[in-house]
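These numbers come from the heavy atoms of this one structure, side chains and all, not from hydrogens, waters or symmetry mates. Keep in mind that what you see is a predicted model, and the values were worked out from it rather than measured.
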Amino acid sequence: MKIASIEVFALRVPPEDGKIEVEWGMDCSLVKVTTDTGIVGWGETDSNPAIIKTIFDMPTSHYLSYSLKDLLIGENPLDIERLWNKMYLKTLHYGRSGVAIHAISAIDIALWDIAGKFYNVPVYQLLGGKYRDKIKTYGTFIPVEDIDTTVEYAKRALEDGGFDTLKFGGEPFGLNEKYDIEVVRRLREALGDDIGLAADVSKIWPDYGTALSRMKKLEQYNLEWVEEPCLATDYDSYKRLASQVKTKISGGEALATVREFNDFMRIAQPSIVQPDVTNCGGITEMKRINMLAELNSCKLIPHNYGSGILLAATIHCLASFQHGDTMEYSNSMSPFFRELDRNLVRSIDGYVTVPDRPGLGVDIDEDVIKKYTYTW
Ligand code: MG
């Protein structure tokens, strides 16, 4: 079997009038890999779709600056790890992290989807089999300036997925102390002590001193964890914070490859790591990162705020990981989450059920792709 074609789709819901940026989840890059036997695999990454498309379609430069299509067409799609290492090496000059690894993540997920369909087994079976049939979910929502409305969002998010734990984050959270303390106080008051609550700073606190003082003031509200209290690569500040506060610290959604996670876990010493399978290097790299998390006694709770492809890939990984019992569940209104995958796995009573269909188990609606494809 050979890779016959690779199509890359840049999708976006047009931004609101007068804006140049889209909300998180309102754009995505999809990769469709077709083999000469007719098997099709799907992958996704959350990056700038224009760059991702370029990384596949551009002409190759020198031997460390390859186009991904030139590396993959004609290859056996079942040689997943060999192809991963080939892509990493042959993009080394412009790659190693960031967008090149995002593009590799998308293709890697598509190759696992193909392998599952070829062997007629779900992806988790290829990863070593499953530890569990269901995975616990927590819900994520984005707060707004008005705290009464934010509390309403929280209550609605809780009902939507049947969760017993919620995370909130994104601006305006992080922008000023008064809001940060008040929104957590009000959420804790409204949700009660039996609902888990986590806060995602999303790198907005500007420095270590702010992070330390804010986390100390939030300790009384018993947060499950505080996510990305420092810049993603400011590992020393993570480490200083971890030694000063009682609340668990998490991070890693912006990091790529086991090499970056190795530095992050050894230096920053987070309690929880949150790789995103569509950005960290795909399923192949997520498996390596999970091994590293076990070696460093870190809890791995993946970032999951994209389409049904990310969701399915995350579920297959966690099902096959010894301690993979918890995951984020998006509440995004994006069509890429709600409509793209006809088999979208729902969170019911706070759990997702691991799908048993071959491959990832997704069923992509290509009309959604046609509707939101954009050019520039
Ligand atoms: Mg986050």
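Atom CD1 of Ile107 is separated from atom CD1 of Ile114 by 7.5 Å, given to the nearest 0.5 angstrom.
The pair Asp236-Arg240 does not count as a salt bridge, with every side-chain nitrogen at least 4.0 angstrom from each carboxylate oxygen. Contact check on Glu224 versus Lys248 returns no salt bridge, with no Lys/Arg side-chain nitrogen under 4.0 Å from an Asp/Glu carboxylate oxygen. Comment: Asp70 does not engage Lys90 in a salt bridge, judged by the lack of any side-chain N to carboxylate O separation of less than 4.0 angstrom. A salt bridge links Lys217 with Glu177; the closest basic N to acidic carboxylate O contact falls under 4.0 Å. The residues Arg342 and Asp363 are annotated as salt-bridged, a charged nitrogen and a carboxylate oxygen being separated by less than 4.0 angstrom. Ion pairing between a basic and an acidic side chain is recognised when a charged N comes within 4.0 Å of a carboxylate O; Asp180 and Arg214 show such pairing. Ion pairing between Glu189 and Arg185 holds under the 4.0 Å rule for side-chain N and carboxylate O.
Within a 6.0 Å sphere centred on OH of Tyr351, other residues, nucleotides and ligands contribute 12 heavy atoms or fewer. Within a 6.0 Å sphere centred on CZ of Arg259, heavy atoms belonging to other residues, nucleotides or ligands number 12 at most. Around atom OH of Tyr88, more than 12 heavy atoms belonging to other residues, nucleotides or ligands sit under 6.0 Å away. Annotation: Lys203, atom NZ; neighbour count of heavy atoms from other residues, nucleotides and ligands within 6.0 Å is above 12. More than 12 heavy-atom neighbours from other residues, nucleotides or ligands sit within 6.0 angstrom of NZ on Lys86. Residue Gln125 qualifies as enclosed at atom CD: its count of foreign heavy atoms under 6.0 Å is above 12.
Residues Tyr138 and Tyr329 fail the side-chain proximity criterion, which asks for heavy atoms closer than 4.5 Å. Counting heavy atoms from C-beta outward, Trp84 and Leu111 have side chains that stay 4.5 Å or more apart.
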Could you tabulate the donor-acceptor pairs under 3.5 Å formed by side-chain atoms of residues 364-375, not counting sequence neighbours?
unit_1 : atom_1 : unit_2 : atom_2 : d
Asp365 : OD1    : Asp367 : N      : 2.9
Glu366 : OE2    : Lys32  : NZ     : 3.1
Thr373 : OG1    : Ile369 : O      : 2.6

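For the salt bridge (Lys or Arg N to Asp or Glu O under 4.0 Å) with Lys136, the qualifying choice from Asp325, Asp164, Asp349 is Asp164, the only one to do so.
Between Tyr179 and Glu145, the shortest heavy-atom contact is CE1-O, 3.4 Å.
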